[in-house]
Amino acid sequence: MTYCVGMLLEKGLVMAADTRTNAGVDNVGKFKKLYTWEFPGDRVFVLLTAGNLAVTQAVVSHLSEQIDHPSEGTETLRSVTTLFQAAQVVGDAVRAVRKGVGDYLTSNGEAFSVSFIFAGQIGTERPRLFSVYAAGNFIEATPDTPFFQIGEHKYGKPILDRVARSDMELGDAAKMILLSFDSTLRSNLSVGLPIDLLTYEAGTLKIEHTKRIGPDDPYFKMLSTEWSKALRTAFANIEALDI
């Protein structure tokens with residue numbers, strides 16, 4: 001399975017994805033699920049993927065080939081002028097792949113089960129964040145709901161619901177998102193390290209900060225330990241139920 005989180009901040013974006021794939025208890029692998037397209041000084045895009053790995057990789061390849069070999073009259077991530085148009089390009093890519101393989105999946109008893117988180121910035125337009133569904137349609141993040149999750153989201157959602165704010169610093173948002181991953185890793189074996197983490201500062205129009213967090217990462221180990229201590233302390237400090 002998968003767990004991915006994307007968050008839109010006043011100061012930029014934080015995007016993270018695990019790397020575990022699970023086709024059964026004896027068939028576990030690691031595959032990248034965070035992809036970027038960067039044209040420094042002009043535009044940057046980040047895509048997080050969840051669901052059928054063959055389908056999500058096909059969507060990513062479709063988007064890249066459109067840029068490398070554009071067709072006349074067809075918009076690409078390189079040619080669009082707004083993030084809304086870019087999200088439409090991603091949705092069109094999902095529909096194109098579905099048209100190509102959807103019937104084959106259905107006839108084989110498999111569902112066209114994919115989802116994406118897409119974000120970026122073009123020129124002076126503010127950064128934007130979208131959740132793209134298997135049908136190719138999408139919704140956009142707002143200050144009231146500044147984050148999206150895909151995959152095994154239920155274990156990491158409580159801390160995001162309680163803490164997430166669009167005016168957070170990038171570092172604080174990254175810390176919060178990693179804590180949501182720690183909660184997910186503890187409760188679901190289908191999500192696993194390493195985690196790919198990207199932070200993007202609004203207006204820079206280049207990707208400068210990426211990190212792969214493995215099992216020996218000192219910060220993530222410290223974060224997990226201190227969070228467990230803090231939760232136990234908070235629990236102990238709350239008055240017990242009088243029964």
Side-chain angles (χ1 to χ4, degrees), residues 4-17 19 32-50 56-57 59-94 115-132 136 138-150 160 164-178 194-213:
C4 302
V5 183
M7 185 168 181
L8 175 67
L9 303 162
E10 293 173 3
K11 296 186 177 181
L13 299 161
V14 180
M15 311 286 283
T19 53
K32 179 179 179 180
K33 303 168 193 173
L34 186 156
Y35 299 89
T36 62
W37 292 267
E38 179 183 14
F39 304 92
D42 181 39
R43 62 191 63 199
V44 295
F45 303 109
V46 186
L47 185 70
L48 308 179
T49 69
T56 59
Q57 287 185 343
V59 170
V60 171
S61 295
H62 186 93
L63 292 168
S64 295
E65 289 190 0
Q66 279 185 325
I67 295 171
D68 295 336
H69 307 286
S71 300
E72 185 176 353
T74 300
E75 294 280 24
T76 73
L77 293 180
R78 187 70 181 94
S79 66
V80 294
T81 57
T82 69
L83 254 295
F84 177 80
Q85 293 172 3
Q88 288 181 313
V89 168
V90 174
D92 289 343
V94 175
S115 53
F116 304 86
I117 299 174
F118 177 67
Q121 183 174 23
I122 298 175
T124 58
E125 185 186 26
R126 61 180 175 81
R128 298 170 75 175
L129 177 76
F130 300 87
S131 180
V132 184
F138 53 84
I139 59 173
E140 183 173 2
T142 68
D144 291 326
T145 306
F147 67 87
F148 289 128
Q149 301 168 280
I150 53 176
L160 299 179
R165 303 187 323 273
S166 61
D167 63 350
M168 296 177 76
E169 297 291 330
L170 289 172
D172 285 336
K175 174 178 67 175
M176 176 193 64
I177 285 172
L178 288 177
I195 299 164
D196 287 325
L197 176 70
L198 179 150
T199 59
Y200 169 74
E201 184 178 349
T204 59
L205 296 174
K206 56 183 177 180
I207 296 171
E208 297 182 291
H209 304 291
T210 60
K211 182 178 178 65
R212 173 158 283 198
I213 298 169

Are the side chain of T145 and the backbone N or O of A141 linked by a donor-acceptor pair below 3.5 Å? no
Value rounded to 0.5 Å, distance of CD1 in I117 from CG in L13: 11.5 Å
How are the rings of F138 and F130 set to each other: parallel, tilted or perpendicular (split at 30° and 60°)? perpendicular
What's the separation between atom NZ in K32 and atom CZ in R212, rounded to the nearest 0.5 Å? 8.0 Å
Rounded at 0.5 Å granularity, tell me how far CZ in F147 sits from CG in L160. 4.5 Å
If you count every heavy atom of other residues, nucleotides or ligands that lies below 6.0 Å from E140 atom CD, does the total exceed 12? yes
Given F39 and I67, is the side-chain contact (heavy atoms from CB on, under 4.5 Å) satisfied, shown in steps? CA-CA 11 Å; F39 304 92; I67 295 171; 4.0 Å; yes
With rounding to the nearest 0.5 angstrom, report the CG to NE2 distance, D92 to H62. 8.0 Å
N-O pairing of K206 and E38 below 4.0 Å: no
Is the positively charged end of R128 above the ring of F84, judged by distance under 6.0 angstrom from the centroid and angle within 45° of the axis? no
Do the side chains of T56 and K33 get nearer than 4.5 Å, heavy atoms only? no
With respect to M168, which candidate in K175, E10, M7, K11 satisfies the side chain to side chain contact (heavy atoms under 4.5 Å, CB included) definition? M7
T81 side chain to Q85 side chain, donor-acceptor N/O pair below 3.5 angstrom: yes
Atom CG of L198 and atom CG of L34: how far apart are they, to the nearest 0.5 Å? 6.0 Å
CG of L63 to CD of Q66: how many Å apart, nearest 0.5 Å? 6.0 Å
Y200 (side chain) donor-acceptor with H209 (main chain) under 3.5 angstrom: no
